[in-house]
Student: 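The structure is given below, and queries will be raised subsequently.
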Amino acid sequence: MPRPGSAWAAALLLLALSLGPGSCSEITFELPDNAKQCFYEDITQGTKCTLEFQVITGGHYDVDCRLEDPDGVVLYKEMKKQYDSFTFTAIRNGTYKFCFSNEFSTFTHKTVYFDFQVGEDPPLFPSENRVSALTQMESACVSIHEALKSVIDYQTHFRLREAQGRSRAEDLNTRVAYWSVGEAIILLVVSIGQVFLLKSFFSDKRTTTTRVGS
């Protein structure tokens with residue numbers, strides 16, 4: 001009979017393995033100015049999907065987003081959005097396309113993050129071929145699993161906010177630095193001008209006298 005400690009270790013190992021990559025795609029990519037980037041996903045009919053995106057850096061932190069089904073029907077379309085989330089259920093099998101566009105921007109690059117969730121995560125303990133309810137340890141593992149999923153989601157959102165805040169701080173710091181350099185140059189030019197102006201006021205003016213002989 002295994003010891004309680006080893007049982008908990010095995011359960012935690014199973015829980016850690018269950019947190020691996022699932023049926024979701026999380027990507028952060030660069031979107032140049034006047035550019036459009038599209039992604040494709042094969043989805044089975046009846047599958048519930050969620051598209052969530054956020055602009056991290058660049059310009060006014062906005063992009064155009066468009067989602068189409070295999071027949072080209074537009075399921076979702078938003079213009080100049082900073083962030084949004086859209087959930088839908090696939091009505092047919094095929095390849096779904098969603099695109100992010102920065103074509104309205106002439107010189108500003110964007111950094112975009114999106115999370116495309118297809119279907120739901122499989123249960124930690126499948127109910128197939130089970131004739132008894134979950135044990136107390138299995139129920140605790142399920143609770144921990146759900147809590148860790150929430151923690152991962154919160155960590156992702158906080159990382160995005162931190163990256164966005166850092167980008168804005170760096171942009172503000174650059175503007176302040178340029179403004180300070182400009183003020184220093186203007187102050188130097190004005191000071192030199194004042195020196196020359198005051199010097200011209202107090203300089204001796206030589207007068208030329210002409211003697212006329214008798």
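All residue numbers refer to positions in the sequence shown, counting from 1. All values below were derived from every heavy atom in this structure, side-chain atoms included, with hydrogens, water molecules and symmetry-related copies excluded.
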Student: Could you give me the CA-CA distance, side-chain angles and deciding distance for D64 and K80, then say whether salt bridge (Lys or Arg N to Asp or Glu O under 4.0 Å) is met?
Tutor: CA-CA 5 Å; D64 298 340; K80 296 184 178 181; over 6 Å; no
Student: Taking the side chain as everything from C-beta on, heavy atoms only, tell me whether T28 gets closer than 4.5 Å to I56.
Tutor: yes
Student: Under 6.0 Å from the ring centre and within 45 degrees of the ring axis: does the NZ or CZ of R159 meet both conditions for the six-membered ring of Y154?
Tutor: no
Student: Without swapping roles, check the side chain of K110 against the backbone of D62 for a donor-acceptor pair under 3.5 Å.
Tutor: yes
Student: If you look only at pairs with a residue in residues 169-181, which of them pass as a side-chain hydrogen bond (donor to acceptor under 3.5 Å, both in side chains), with sequence neighbours excluded?
Tutor: D171-R175, W179-E183
Student: Hey, is NE2 on H109 packed in by over 12 heavy atoms from elsewhere, all under 6.0 Å?
Tutor: yes
Student: Given F116 and F39, is the ring pair (Phe, Tyr, Trp, His ring centres under 6.0 Å) satisfied, shown in steps?
Tutor: CA-CA 10 Å; F116 192 65; F39 301 87; 9.7 Å; no
Student: Within 45° of the axis and under 6.0 Å from the centre of the six-membered ring of F53, does NZ or CZ of K81 qualify?
Tutor: no
Student: When you compare the side chain of D84 with that of E52, does any pair of heavy atoms fall below 4.5 Å?
Tutor: no
Student: Listed by chain and number, what are the side-chain contact (heavy atoms from CB on, under 4.5 Å) partners of Y83, not counting sequence neighbours?
Tutor: Q54
Student: Would D33 and T106 satisfy side-chain hydrogen bond (donor to acceptor under 3.5 Å, both in side chains), going step by step from the backbone distance to the final call?
Tutor: CA-CA 6 Å; D33 53 287; T106 56; over 6 Å; no
Student: Just so I know, are the side chains of I27 and Y113 near enough to count as touching, which here means a heavy-atom distance under 4.5 Å?
Tutor: no
Student: Would you say T89 and C49 make side-chain contact, with heavy atoms under 4.5 Å?
Tutor: no
Student: Taking the side chain as everything from C-beta on, heavy atoms only, tell me whether E78 gets closer than 4.5 Å to Y76.
Tutor: yes
Student: Check the pair F29, V112 against side-chain contact (heavy atoms from CB on, under 4.5 Å), reporting the backbone distance first and the verdict last.
Tutor: CA-CA 6 Å; F29 65 97; V112 183; 3.8 Å; yes
Student: Kindly state each residue pair satisfying disulfide (SG to SG under 2.5 Å) with at least one member in residues 60-98, sequence neighbours excluded.
Tutor: none
Student: Quick check: does any side chain N or O of T47 sit under 3.5 Å from a backbone N or O of T44, one acting as donor and the other as acceptor?
Tutor: yes
Student: Any side-chain to backbone donor/acceptor pair from N102 onto V63? Under 3.5 Å, distance only.
Tutor: no
Student: Check step by step if ring pair (Phe, Tyr, Trp, His ring centres under 6.0 Å) holds for Y40 and F98.
Tutor: CA-CA 7 Å; Y40 302 84; F98 55 99; 8.3 Å; no
Student: Please examine the side chains of Y96 and D42, heavy atoms only from C-beta on, and report whether any two atoms are closer than 4.5 Å.
Tutor: no
